[in-house]
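In what follows, chains carry the letters A, B, and so on, assigned in the order in which the sequence lines appear, proteins first and then strands, with residues in each chain numbered from 1.
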2 protein chains.
Amino acid sequence: MQLSNTSKYTIRILAYMVNHKDTGPISAKELSENLTIPYKFLTKIMTELTRVGFITSTRGREGGFQFLREASKITIADIMELFNDAIKDEACILGIESCNSKKKCAMHDQWIKSKVQLQKMFKESTIENIAGKGDKI
Amino acid sequence: MQLSNTSKYTIRILAYMVNHKDTGPISAKELSENLTIPYKFLTKIMTELTRVGFITSTRGREGGFQFLREASKITIADIMELFNDAIKDEACILGIESCNSKKKCAMHDQWIKSKVQLQKMFKESTIENIAGKGDKI
DNA sequence: ATTTAATACTACTTTAAGGTGGTATTAAAT
DNA sequence: ATTTAATACCACCTTAAAGTAGTATTAAAT
Ligand code: SF4
Ligand code: SF4
């Protein structure tokens with residue numbers, strides 16, 4: 001019951017980028033070193049984030065990554081979605097077929113409350129409004 | 001962001017057992033067939049549940065599994081714990097060192113609320129009080 | 001033009017969860 | 001006693017996530 005490493009890394013990467021967005025493109029090297037994320041794994045993530053249009057990349061010397069979509073328009077839910085890590089509406093917590101109020105599983109009542117609250121939280125948390133909060137990076 | 005298969009299976013197994021506890025030991029075969037859980041995987045789980053004392057086993061013909069610990073004393077949190085699937089207090093949602101209110105990560109405020117609520121829900125949900133609820137098995 | 005420092009691409013390795021197969025052990029039923 | 005139906009144990013296979021390696025491409029700086 002936790003986020004995938006890929007989601008965790010991505011949140012931290014994008015939050016870091018917001019906090020350093022005024023100084024031109026940010027390189028994978030800088031991100032990798034400052035966030036202690038394995039370089040090769042990080043570049044894989046960056047390429048994907050570029051592919052889906054969250055960020056843009058500039059190749060060559062002095063290159064790096066910058067936001068394309070506004071940080072206030074990227075939610076934690078978006079990131080989880082991207083890496084198949086989301087809490088899907090139709091997903092049953094017990095994995096019995098798909099969730100709908102007609103055919104409930106034994107945990108439905110307890111779970112539905114937590115689920116709604118969690119989904120709301122992940123949807124309302126944008127990169128913009130988490131960036132800079134907290135001491136750990 | 002979901003339960004492990006092992007946790008999901010275990011919850012369903014124990015809930016099923018509560019609903020059939022008056023008719024003697026329940027065999028792995030019956031559980032496997034009625035819950036459509038792979039037989040060999042299920043027996044592995046059952047052996048573990050026996051080992052930790054949630055249930056007892058009777059070998060040989062007419063054998064099977066029965067509750068040892070009361071179903072009202074087994075929580076979803078216990079099950080998650082058992083299979084390393086729990087939401088640990090000290091676990092940071094972003095995976096940055098360990099969680100404590102002194103050194104917060106960027107998502108601390110949002111997450112802490114959901115975490116507390118989730119943990120409470122998993123701790124208060126016992127096998128006894130979910131068994132029989134719902135239509136799906 | 002060449003060097004340097006960056007991303008992009010392709011392919012591979014490692015790890016842990018999930019799942020399978022075969023056989024030994026146990027005990028009721030016959 | 002033998003058969004049958006059950007759990008226990010041990011070793012292996014499969015899959016997906018995580019992580020690594022090497023090379024091609026790009027563009028600024030020299
Ligand atoms: S809500 Fe309850 S019933 Fe519906 S899917 Fe989720 S868990 Fe199963
Ligand atoms: S609460 Fe926030 S800060 Fe504390 S650990 Fe969990 S995530 Fe990190």
Side-chain angles (χ1 to χ4, degrees), chain A residues 1-13 17 20 23-68 79-80 82-86 94-95, chain B residues 1-13 17 20 23-68 79-80 82-86 94-95:
Chain A
M1 201 65 176
Q2 47 165 339
L3 295 183
S4 69
N5 278 3
T6 314
S7 297
K8 288 178 192 169
Y9 287 159
T10 301
I11 295 167
R12 292 171 57 216
I13 290 165
M17 284 179 66
H20 296 75
T23 49
I26 302 170
S27 71
K29 182 154 179 278
E30 174 180 350
L31 291 166
S32 166
E33 284 171 356
N34 287 293
L35 302 172
T36 40
I37 298 171
Y39 177 79
K40 280 292 194 178
F41 194 54
L42 180 136
T43 58
K44 221 195 223 174
I45 293 175
M46 298 315 279
T47 301
E48 176 66 5
L49 295 179
T50 304
R51 201 187 61 74
V52 299
F54 285 10
I55 57 180
T56 45
S57 67
T58 326
R59 281 183 164 202
R61 199 165 166 165
E62 306 287 290
F65 304 93
Q66 281 169 297
F67 278 99
L68 178 56
I79 293 167
M80 292 169 68
L82 180 57
F83 297 113
N84 263 311
D85 200 18
L94 297 185
Chain B
M1 200 67 178
Q2 45 165 340
L3 296 183
S4 68
N5 277 2
T6 314
S7 297
K8 288 178 193 170
Y9 287 158
T10 301
I11 296 167
R12 291 171 57 215
I13 290 165
M17 284 179 67
H20 296 76
T23 48
I26 302 171
S27 71
K29 182 154 180 279
E30 174 180 350
L31 291 166
S32 166
E33 284 171 357
N34 286 293
L35 302 173
T36 40
I37 298 171
Y39 177 79
K40 280 291 194 176
F41 194 54
L42 182 136
T43 58
K44 221 194 222 174
I45 294 174
M46 299 315 280
T47 302
E48 176 66 6
L49 295 178
T50 304
R51 199 188 61 75
V52 299
F54 286 8
I55 57 180
T56 46
S57 66
T58 326
R59 280 182 164 204
R61 197 166 168 161
E62 305 287 289
F65 304 93
Q66 279 168 300
F67 277 98
L68 179 56
I79 293 168
M80 291 169 68
L82 180 56
F83 297 113
N84 262 311
D85 199 18
L94 297 186

Item to check | Length of the CD1-C1' vector between B/I45 and D/dT7, whole Å | outcome: 15 Å
Next on the checklist: Nearest whole Å is fine: how far is D/dT7 C1' from B/L68 CG?
Outcome noted: 16 Å
Item to check | For A/S4, all residues meeting side-chain hydrogen bond (donor to acceptor under 3.5 Å, both in side chains), sequence neighbours excluded | outcome: A/S7, A/D85
Next on the checklist: If the condition is side chain to side chain contact (heavy atoms under 4.5 Å, CB included), which residues does B/T50 pass it with, not counting sequence neighbours?
Outcome noted: B/I55, B/S57, B/F65
Checklist entry - Is any side-chain nitrogen or oxygen of B/S4 closer than 4.0 Å to OP1 or OP2 of C/dA17? => result no
Item to check | Qualifying residues under side chain to side chain contact (heavy atoms under 4.5 Å, CB included), relative to B/T36, sequence neighbours excluded | outcome: B/R12
Checklist entry - Does B/R51 have any side-chain hydrogen bond (donor to acceptor under 3.5 Å, both in side chains) partners at least two apart in sequence or in another chain, and if so, which? => result B/E48
Next on the checklist: Under 4.0 Å, heavy atoms only, any strand: does A/T43 hit a base, just the sugar-phosphate, or nothing?
Outcome noted: nothing
Checklist entry - Between D/dA17 atom P and A/D85 atom CG, what is the distance in whole Å? => result 10 Å
Checklist entry - Counting side-chain heavy atoms from CB outward, which of C/dT7, C/dC9, D/dT7 is closest to A/T47? => result C/dC9
Item to check | Pairing residues for B/E33 by the side chain to side chain contact (heavy atoms under 4.5 Å, CB included) criterion, not counting sequence neighbours | outcome: B/K29
Item to check | side chain to side chain contact (heavy atoms under 4.5 Å, CB included) involving A/Q66 - partner list, sequence neighbours excluded | outcome: A/P25, A/T56, A/T58
Checklist entry - Using Watson-Crick and G-U wobble pairs whose two distances are both under 3.5 Å, how do you write the pairing of DNA chain D as dot-bracket, with | for links to another strand? => result ||||||||||||||||||||||||||||||
Item to check | Heavy-atom check, side chain of A/F83 versus side chain of A/L3, under 4.5 Å | outcome: no
Checklist outcome for this item: For nucleotides 20-30 of chain C, 5' to 3', base contacts (B), sugar-phosphate-only contacts (S) and non-contacts (-) with protein non-hydrogen atoms under 4.0 Å give BBB--BBBBS-
Checklist entry - Between B/E48 (CD) and C/dA17 (C1'), how many Å, whole number? => result 14 Å
Checklist entry - For B/N5, what residues pass the side-chain hydrogen bond (donor to acceptor under 3.5 Å, both in side chains) criterion, not counting sequence neighbours? => result none
Checklist entry - Can you check whether A/P38's main-chain N or O pairs, donor with acceptor, with A/S32's side chain at less than 3.5 Å? => result no
Checklist entry - Is any side-chain nitrogen or oxygen of B/S57 closer than 4.0 Å to OP1 or OP2 of D/dT7? => result no
Checklist entry - Which part of the nucleic acid, if any, lies within reach of A/Y9 when heavy atoms closer than 4.0 Å are counted: base, sugar-phosphate only, or nothing? => result sugar-phosphate
Checklist entry - Just how far, in rounded Å, is C1' of D/dA6 from CD of B/Q66? => result 13 Å
Checklist entry - Between B/L49 (CG) and D/dT7 (P), how many Å, whole number? => result 13 Å
Checklist entry - Please give, in whole Å, the distance from D/dA17 C1' to A/I37 CD1? => result 16 Å
Checklist entry - Roughly, in whole Å, what's the span from CZ in B/R51 to C1' in D/dC10? => result 16 Å
Next on the checklist: Whether A/N5 contacts D/dG19 is assessed here as follows: a side-chain N or O lying under 4.0 Å from the phosphate OP1 or OP2. Is that the case?
Outcome noted: yes
